[in-house]
Student: 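Next up is a structure, given as structure tokens.
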Amino acid sequence: MNMYVSNLSFHTSEDDLRKMFEQFGAVSSAKVIMDRETGRSRGFGFVEMGADSDGEAAIKGLNGKDIDGRAMSVSVAREKAPRPTNKRW
DNA sequence: TATGAGCGA
């Protein structure tokens with residue numbers, strides 16, 4: 001279960017994401033996307049959980065939750081970019 | 001340095 005997490009605050013780390021999602025199950029990976037131009041957070045990230053049932057629980061439990069002043073949004077992620085590098089969808 | 005609609009290098 002790969003999930004897309006958006007509306008994060010700019011200083012929320014992937015470790016913060018991992019800790020939050022681990023309340024609902026085992027987290028395989030957690031990533032916060034950084035702006036390649038500025039090196040700063042883009043305010044969204046991805047979390048992958050081993051069990052899809054835990055993923056559903058995490059979405060229900062964390063979607064809309066207020067984290068660091070922002071109501072973060074959690075949903076199922078799309079497929080990763082098929083090709084490497086710079087193409088804006 | 002940069003910032004807020006969105007899907008990763």
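Side chains are part of it too, since the values below use all heavy atoms of this structure and drop only hydrogens, waters and symmetry mates. Reminder, nothing fancy here: chain letters follow the sequence lines and each chain counts from 1. Keep in mind it's a predicted model, so treat the numbers as computed, not measured.
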Student: Give the nucleotide from the list B:dA2, B:dC7, B:dG4 with an atom nearest to the side chain of A:Y4.
Tutor: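 Nucleotide nearest to A:Y4's side chain: B:dC7.
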Student: How close or far is atom P of B:dG6 from atom CG of A:N7, stated in whole angstroms?
Tutor: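 A:N7 atom CG is separated from B:dG6 atom P by 13 Å.
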Student: Over all strands shown, is A:V47 touching base, sugar-phosphate only, or nothing at heavy-atom distances under 4.0 angstrom?
Tutor: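 The residue A:V47 makes no contact with any strand.
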Student: Less than 4.0 Å between a side-chain N and a carboxylate O, is that true for A:D35 and A:R42?
Tutor: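 Judged by the 4.0 Å cut-off on N to carboxylate O distance, A:R42 and A:D35 do form a salt bridge.
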Student: Determine: side-chain N/O of A:R36 to OP1/OP2 of B:dA9, distance under 4.0 Å, yes or no.
Tutor: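 It does not, given that no N or O in the side chain of A:R36 lies less than 4.0 Å from OP1 or OP2 of B:dA9.
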Student: Closer to the 5' end of DNA chain B via nearest nucleotide, is it A:I33 or A:T38?
Tutor: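 Result of the comparison: A:T38.
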Student: What's the NZ-P distance between A:K31 and B:dA9, to the nearest Å?
Tutor: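 Whole-Å distance recorded here is 8 Å.
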Student: For the pair made of CG in A:L17 and C1' in B:dG8, what is the distance, rounded to whole Å?
Tutor: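 Taking CG of A:L17 and C1' of B:dG8, I get 13 Å after rounding.
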Student: Want to settle it: does A:S75 or A:G43 sit nearer the 5' end of DNA chain B, counting the closest nucleotide to each?
Tutor: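 Nearer the 5' end of the strand: A:G43.
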Student: Where does B:dG4 land, syn or anti, once you apply the within-90°-of-0 test for syn?
Tutor: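 Base orientation relative to the sugar is anti.
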Student: Within the structure provided, determine whether A:M1 and A:E48 are in side-chain contact (heavy-atom separation under 4.5 Å).
Tutor: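 In short, these two side chains do not touch, never coming nearer than 4.5 Å.
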Student: Given the rule that I, L, V, M, F, W and Y join up when any side-chain heavy atoms are under 4.5 Å apart, are A:V32 and A:Y4 in one cluster?
Tutor: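 Result: no, two separate clusters.
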Student: Just how far, in rounded Å, is C1' of B:dC7 from CD of A:E14?
Tutor: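 Checked: the CD to C1' distance equals 16 Å.
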Student: What's the CZ-C1' distance between A:R40 and B:dG8, to the nearest Å?
Tutor: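 After rounding, the gap between these two atoms is 20 Å.
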Student: Look at A:D15 together with A:K19 and state whether they make a salt bridge at an N to O cut-off of under 4.0 Å.
Tutor: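 Yes, this pair counts.
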Student: Can you tell me how far P of B:dC7 sits from CE of A:M1, to the nearest Å?
Tutor: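 Nearest whole value for this atom pair: 19 Å.
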Student: Could you state the CZ-P distance from A:R78 to B:dA5, rounded to the nearest angstrom?
Tutor: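 After rounding, the reported distance stands at 16 Å.
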Student: Closest approach to the side chain of A:R70, judged atom by atom: which nucleotide of B:dG4, B:dC7, B:dA2 is it?
Tutor: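 So the nucleotide nearest the side chain must be B:dG4.
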Student: What is the distance from CG of A:L8 to P of B:dG4, rounded to the nearest Å?
Tutor: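 From A:L8 CG to B:dG4 P: 15 Å.
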Student: Check the geometry between A:F46 and B:dG8 and answer yes if their rings are stacked (centres below 5.5 Å, planes below 30°), otherwise no.
Tutor: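 A:F46 vs B:dG8: stacking yes.
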Student: Is there a residue in residues 18-26 of chain A whose heavy atoms reach under 4.0 Å of DNA chain B, and which residues are they?
Tutor: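 The answer is none.
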Student: Side chains of A:F44 and A:N7: does their closest heavy-atom pair fall under 4.5 Å?
Tutor: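 Sidechains of A:N7 and A:F44: no contact.
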Student: Within the structure provided, determine whether A:V47 and A:R18 are in side-chain contact (heavy-atom separation under 4.5 Å).
Tutor: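 A:V47 does not reach A:R18 side chain to side chain.
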Student: Given A:V5, which partner from the list A:L17, A:I59, A:I33, A:T12 fulfils the side-chain contact (heavy atoms from CB on, under 4.5 Å) test?
Tutor: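 In the set A:L17, A:I59, A:I33, A:T12, the residue that makes a side-chain contact (heavy atoms from CB on, under 4.5 Å) with A:V5 is A:L17.
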Student: Suppose we call a contact any N or O donor and acceptor under 3.5 Å apart; does that hold for the side chain of A:D35 and the base of B:dG8?
Tutor: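 Side chain to base: no pair present.
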